[in-house]
Structure formats: structure tokens, C-alpha cells
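Structure record follows, encoded as C-alpha cells.
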Amino acid sequence: MTAKIVIITELSLSLQIKMWFMKHIAFTFVLSAALLCSCCSNTTRTDDNPVVQTQQPTIQRITERGKLLVGTTGDYRPLSYREADGNYWGFGIEMAKRLADRIGVGIEFIQTSWPTLTADVLTEPQTFDLAIGGITITDTRKETMLMSEGYLANGKTILCRSSEADRYKSLADLDKPEVRVMVNPGGLNEKFANENLTHATIIVYQKNEDIPNQVAEGHADVMITEITEAPWYIQNDPRLAAPLLNTPFTHGEIGVLMRKGQDDLLQMVNNAIRQMKSDGTLRSLHEKYGLVYAY
């Protein structure tokens with residue numbers, strides 16, 4: 001009976017030693033892995049920011065280049081417009097300049113167009129870092145590209161002649177064969193018209209910035225546009241009206257567009273937008289261009 005007790009005790013002790021040894025090995029492995037990850041981490045300390053990510057390939061490339069390359073259509077007052085002398089102005093242009101300032105580099109604008117916007121973003125070799133100026137955030141775009149958080153509310157509306165403002169009170173009033181609806185090619189305005197105005201006469205006109213004048217002069221009855229664009233035209237041309245400005249057909253937001261794989265740049269852009277919302281800078285910029293602030 002005594003021998004059995006001794007054997008059981010020795011076995012118990014042996015099992016305890018093995019369990020302790022296995023736990024010790026597991027702990028050592030976890031600790032070593034943690035130390036290895038810490039050593040391989042792409043972080044560094046600075047006086048201004050305790051932990052700063054150093055592996056930021058897109059921003060690093062922009063910094064080394066010395067300027068931010070921005071694609072924009074230049075045909076969308078008051079968000080992005082290119083004057084005859086080549087200078088750009090607008091709400092989106094100022095947003096882009098603030099992003100460049102945040103990185104600490106200069107800026108260069110590269111003209112794109114609505115029909116070629118997606119192709120220009122995705123082309124190889126890359127022609128610009130991001131695109132800005134009236135670009136609506138959509139699920140389709142987000143499937144193949146990156147889009148920032150919204151910084152401007154938008155929605156589809158119309159421009160028409162002031163003398164006919166009472167004629168258009170709903171989408172149904174537009175969707176008639178005798179109504180000539182003019183849109184620019186390749187963008188969401190053309191897509192909206194084709195999907196929702198199956199009876200109207202749709203005219204595709206190449207230069208978006210000229211369509212309001214085409215309507216004013218009687219070459220078309222209505223322009224499909226955005227609530228971000230329409231106010232500028234009715235303020236600057238008394239021949240035009242936007243009777244459905246306060247009841248847009250759609251609701252959305254405008255954001256910054258870029259190719260996938262630029263997550264560091266996307267994070268920087270989103271951080272800038274959030275800061276501009278919180279410190280009042282974005283509201284002031286809306287007021288400067290007569291845009292409705294929705295944040």
C-alpha cells in the first residue's frame with residue numbers, strides 16, 4: 001500500500017513538472033514573438049508626436065516629389081473651374097490646396113474629364129495622386145477605387161429659363177417628349193437622365209460649363225445638374241432659375257477619389273476633412289462659395 005502511494009506521488013510530481021515546463025516554453029514563445037513584432041514595427045518617436053508611422057508609401061512619394069498631383073475636370077463652377085489662362089479656382093480647388101499644405105508640398109492640377117475620370121484614376125503609369133471637384137461618392141466607384149468621407153452635400157436638380165420656372169414642379173414635368181434635357185457626357189448627370197427621363201428628349205453636350213448658357217439661349221429647356229452647381233449660375237445669370245433647388249431628386253455627398261493601395265493618403269485626407277468640420281474651416285469655405293452646409 002505504501003509503494004502505491006509513492007508511485008502515485010512521483011507520477012503527480014512528474015506531471016506537474018511537465019506542465020510547468022510546457023507553460024514556460026509557451027510564455028517564452030509569446031514574449032519572443034511580441035518583442036520581434038515590436039522590433040519590426042514601422043514606428044518612430046519624435047518630439048511632436050510620440051508614435052509616427054514611417055511606412056507611408058504614397059505620402060512619402062508625394063513628399064519626395066515636392067508636389068501633390070490633383071486631377072480635376074475644371075468645368076464645374078463653383079467647385080472646379082479652369083480659366084482660359086490655365087488657372088484653377090473653386091471650392092474643390094481650395095480643398096486640394098489645403099491637403100497639399102497639410103503634407104507640406106506644392107500642388108499641380110491635371111485636367112481630366114467626366115467620361116475618362118475612372119480610367120484616368122486607374123491608368124498606368126499613374127498620372128495624379130487624387131481627384132477632386134464635384135465627384136459624388138457612389139458604391140460603384142468604391143468597388144474599384146478609394147473615396148474619402150464626404151465634405152459637401154449634393155443632389156440632382158435642374159436649371160431652366162427663369163421665364164419657365166413655374167413649368168417644372170416635379171420629375172414628371174421633365175419627362176415629356178417636348179422637353180429638351182441637356183447633359184454632359186459620361187458622368188452621373190447623363191446616367192440620371194437616361195434612367196429617369198425615358199420620354200424626354202435628351203441632348204448630350206460636350207462642354208458642361210457651356211450648358212447653362214445653352215439653356216438660357218433656348219437651345220435646350222432644362223439642364224440636369226447638382227444643388228452644388230445650380231446656385232452659382234442663378235446668382236450670376238438672371239436668365240436662369242432652379243425651381244427645384246430645395247427638393248433635389250437625389251441625396252448624396254461629394255468626396256475625394258483615388259486609386260486603391262493609397263491607404264495612408266486616404267487616412268490623411270479623412271483626417272483633414274474631420275478637422276475642417278470640427279474647427280469651422282469647412283463651414284467658412286461653404287459660405288464663401290454660397291454652398292449649403294450640411295454637417
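We count residues from 1, following the sequence as given. What you see is a predicted model, and the numbers here were worked out from it, not measured in a lab.
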Pair Y295-E253, side-chain donor/acceptor within less than 3.5 Å: yes
Please examine the side chains of V70 and F128, heavy atoms only from C-beta on, and report whether any two atoms are closer than 4.5 Å. no
Among the clusters formed by ILVMFWY side chains lying less than 4.5 Å apart, do L244 and L291 turn up in the same one? no
Output all residues satisfying side-chain contact (heavy atoms from CB on, under 4.5 Å) with T250, sequence neighbours left out; order by chain, then residue number. K156, F192
Donor on one side chain, acceptor on other, T228 and N154, under 3.5 Å: no
Approximate separation, where rounding is to 0.5 Å, of S113 OG and N208 CG: 11.0 Å
Side-chain contact, heavy-atom cut-off 4.5 Å: N189 with E226? yes
Is it true that a side-chain atom of S162 and a backbone atom of R239 form a donor plus acceptor pair closer than 3.5 Å? yes
Any donor-acceptor pair under 3.5 Å linking the side-chain atoms of D120 with those of T127? no
Donor-acceptor pair between Q262 and Q126 side chains, under 3.5 angstrom: yes
Heavy-atom count around D139 CG within 6.0 Å, excluding the residue itself: above 12? no
Between the side chain of Q275 and the main-chain N/O of N271, is any donor-acceptor distance below 3.5 Å? no
Check whether any side-chain heavy atom of H219 sits under 4.5 Å from a side-chain heavy atom of D210, and report yes or no. no
Presence of salt bridge, E94 and K288, under 4.0 angstrom: yes
Heavy atoms, side chains only, cut-off 4.5 Å: are I137 and K142 in contact? yes
Neighbour count >12 (heavy atoms, 6.0 Å) for atom NZ, K67: no
Charged N to carboxylate O below 4.0 Å: is that the case for R259 and D129? no
Is there a side-chain contact between T138 and L188 (heavy atoms, below 4.5 Å)? yes
Is a salt bridge present between R77 and E229, judged by a nitrogen-to-oxygen distance below 4.0 Å? no
Just say parallel, tilted or perpendicular for the rings of W89 and Y289, cut-offs at 30° and 60°. parallel
Separation of L69 CG from L130 CG (nearest 0.5 Å): 9.0 Å
same_hphob_cluster(I224, Y76) at 4.5 Å side-chain heavy-atom cutoff: no
Under a 4.5 Å cut-off applied to non-hydrogen side-chain atoms, are V269 and M95 in contact? no
Roughly how far apart are E108 CD and R65 CZ, rounded to 0.5 Å? 9.0 Å
Should the ring pair F109 and Y88 be called parallel, tilted or perpendicular, given that the plane angle runs from 0 to 90° and is split at 30 and 60? tilted
Measuring from L117:CG to T112:OG1, what's the distance to the nearest 0.5 Å? 5.0 Å
So CD1 of I203 and OH of Y205: to nearest 0.5 Å the spacing works out to 10.5 Å
Output for pair (S148 OG, L266 CG), nearest 0.5 Å, gives 7.0 Å
Is any side-chain heavy atom of M268 less than 4.5 Å from a side-chain heavy atom of I59? yes
